[in-house]
Amino acid sequence: MNNKLLLGLLCFSLISVVVRANEIEVPEEELARETTLPIFDKRQIVLNRNVVTEQRFEIGGGFGLEMNEPYYNDYMFNLQGTYNLSDRSAINVLLLFWMDGLSNYGEQLKAGRPTATPPVQSFDAMKAPHPKWGMFANYEFIAYYGKISISKLGVMNLNTFGIAGLGYINMDSLSSPALNLGVGQNFFFTKNFGLRFDLRYLIFQGPDATSKPLRSVGTTIDPTPDPNSFDERIHYNGQISLSAIFLL
């Protein structure tokens with residue numbers, strides 16, 4: 001019995017030595033990794049731009065909203081044209097048109113509270129000069145081009161850009177140079193059609209409506225002051241806008 005046990009241990013030892021002597025070689029590309037990348041048969045198609053904008057014109061129009069205007073109508077319209085110098089830079093011309101009228105808060109100030117104790121005088125901001133339309137020439141730096149897929153049915157192409165420019169704002173009988181700074185995003189649904197989203201700040205010097213009494217309700221009604229008689233201050237008008245765009 002002892003001889004059989006000893007013989008079995010000897011055979012097991014010899015087999016172990018033979019197994020250790022054999023090296024198993026596995027190609028490096030077949031080894032497991034922590035991350036994996038998809039393999040595309042036609043890699044160049046994946047890298048190519050679906051929407052080519054270089055040396056193409058882009059026209060569009062839409063509507064917007066002023067985010068921090070207390071007295072006047074917050075809604076506005078825009079028309080714009082862009083020439084793409086390359087896939088990284090473009091020249092943009094922007095026209096802005098403010099809707100006339102007062103905001104809800106402006107209407108409350110105009111009505112006043114003459115029956116309150118003490119009475120609250122009215123304040124009619126329409127008697128002060130305020131922006132009517134503006135025109136800007138801007139430079140766009142296109143920082144990023146990418147593709148996103150919200151569903152498996154299609155791919156949306158997008159551009160992310162920064163914008164800066166100078167322009168002119170008309171305020172009834174007054175006008176002022178203005179600075180336009182912002183960022184934006186183009187969403188292309190096809191090679192020729194998309195949507196443009198802008199977030200910008202218009203910085204300009206204009207009349208301070210609160211520097212004059214502008215009562216229009218009650219026993220005392222103030223006449224409309226001379227536009228040049230108002231004190232001036234720096235305005236920082238934040239705006240957001242959405243436009244339909246077409247590539248030509």
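Because the structure is predicted, anything quoted here is derived from the model rather than measured.
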Expected output: side-chain N73 to main-chain D100 donor-acceptor under 3.5 Å: yes
What is the minimum heavy-atom distance between E66 and M76, and which atoms define it? CG-SD, 3.8 Å
For the student: nearest non-hydrogen atoms of A178 and F204, plus distance: CB-CB, 3.7 Å
Are the side chains of Q239 and Y201 in touch, meaning some heavy atoms are under 4.5 Å apart? no
Check for me, please, whether V93 and L247 land in the same ILVMFWY cluster - side-chain distances under 4.5 Å, paths through other members count. no
Applying ring-ring contact (aromatic ring centres under 6.0 Å, His included) to Y168 and not counting sequence neighbours gives W133
Tell me, do L166 and L179 make a side-chain contact under 4.5 Å, heavy atoms counted? yes
With the 4.5 Å side-chain cut-off for hydrophobic clustering, are M99 and L96 part of the same group? no
Please answer: with hydrophobic residues joined when any side-chain heavy atoms are less than 4.5 Å apart, are L181 and Y139 in the same cluster? no
Salt bridge (charged side-chain N to carboxylate O under 4.0 Å, His left out) pairs, two or more places apart, involving residues 239-248: none
Side-chain touch D222/K212, heavy atoms, less than 4.5 angstrom: no
Report whether F63 and L65 are members of the same hydrophobic cluster (ILVMFWY, side-chain heavy atoms less than 4.5 Å apart, transitive linking). yes
Nearest heavy atoms of A209 and A128, plus distance in Å: CB-CB, 3.7 Å
What residues, two or more places apart in sequence or in another chain, satisfy side chain to side chain contact (heavy atoms under 4.5 Å, CB included) together with I142? N84, N159, F161
Test D231 against R233 for salt bridge (charged side-chain N to carboxylate O under 4.0 Å, His left out), laying out the working first. CA-CA 7 Å; D231 295 339; R233 67 178 181 89; over 6 Å; no
Are the side chain of K110 and the backbone of L102 linked by a donor-acceptor contact shorter than 3.5 Å? no
How far apart are the C-alpha atoms of N92 and F136, what are their side-chain angles, what is the distance that settles it, and do they pass the side chain to side chain contact (heavy atoms under 4.5 Å, CB included) test? CA-CA 8 Å; N92 169 267; F136 295 85; over 6 Å; no
Is any side-chain heavy atom of F189 closer than 4.5 Å to a side-chain heavy atom of L195? yes
Would you say the side-chain atoms of N68 pair up with the backbone N or O of Y236, donor to acceptor, closer than 3.5 Å? yes
Calculate, to the nearest 0.5 Å, the distance between atoms CD1 and NE2 belonging to I203 and H235 respectively. 12.5 Å
Ring geometry between F246 and F193 (parallel below 30°, tilted from 30 to 60°, perpendicular above 60°): tilted
Using a cut-off of 6.0 Å, state whether more than 12 heavy atoms not belonging to M67 lie near its atom CE. yes
Are L248 and F187 linked, directly or through intermediate hydrophobic residues, by side-chain heavy-atom contacts shorter than 4.5 Å (ILVMFWY only)? yes
Check: T53 and E58 side chains under 4.5 Å, non-hydrogen atoms: no
State which residues pass salt bridge (charged side-chain N to carboxylate O under 4.0 Å, His left out) with R56; sequence neighbours excluded, sorted by chain then number. none
Among pairs that include at least one residue of residues 65-87, which meet ring pair (Phe, Tyr, Trp, His ring centres under 6.0 Å), considering only residues two or more places apart or in two chains? F57-Y83, Y71-F123, Y72-H130
What is the distance from atom OG1 of T210 to atom CG of L109, rounded to the nearest 0.5 Å? 11.0 Å
Minimal heavy-atom distance between L174 and P227, with the atoms involved, is CD1-O, 3.6 Å
Would you check if the side chain of S211 reaches a backbone N or O of F230 as a donor-acceptor pair within less than 3.5 Å? no
Heavy atoms, side chains only, cut-off 4.5 Å: are S122 and I221 in contact? no
Gap separating the CG atom of L242 from the CG atom of N78, nearest 0.5 angstrom: 9.0 Å
Do the side chains of T82 and R196 get nearer than 4.5 Å, heavy atoms only? yes
Using a 6.0 Å cut-off, check whether atom CG of N104 has over 12 heavy atoms from anything other than its own residue. no
Taking the side chain as every heavy atom from C-beta outward, state whether N186 and V51 have any atom pair closer than 4.5 Å. no
State, to 0.1 Å, how close S243 and Q80 come at their nearest heavy-atom pair, and which atoms those are. OG-NE2, 3.5 Å
Mark yes or no for whether K127, through its side chain, and R215, through its backbone, hold a donor-acceptor pair below 3.5 Å. yes
Could you list all the salt bridge (charged side-chain N to carboxylate O under 4.0 Å, His left out) pairs where at least one residue sits in residues 172-191, not counting sequence neighbours? K132-D172
Could you please spell out the steps behind the side-chain hydrogen bond (donor to acceptor under 3.5 Å, both in side chains) verdict for S241 and R200? CA-CA 9 Å; S241 66; R200 58 179 170 263; 3.3 Å; yes
Expected output: side-chain S176 to main-chain I169 donor-acceptor under 3.5 Å: no
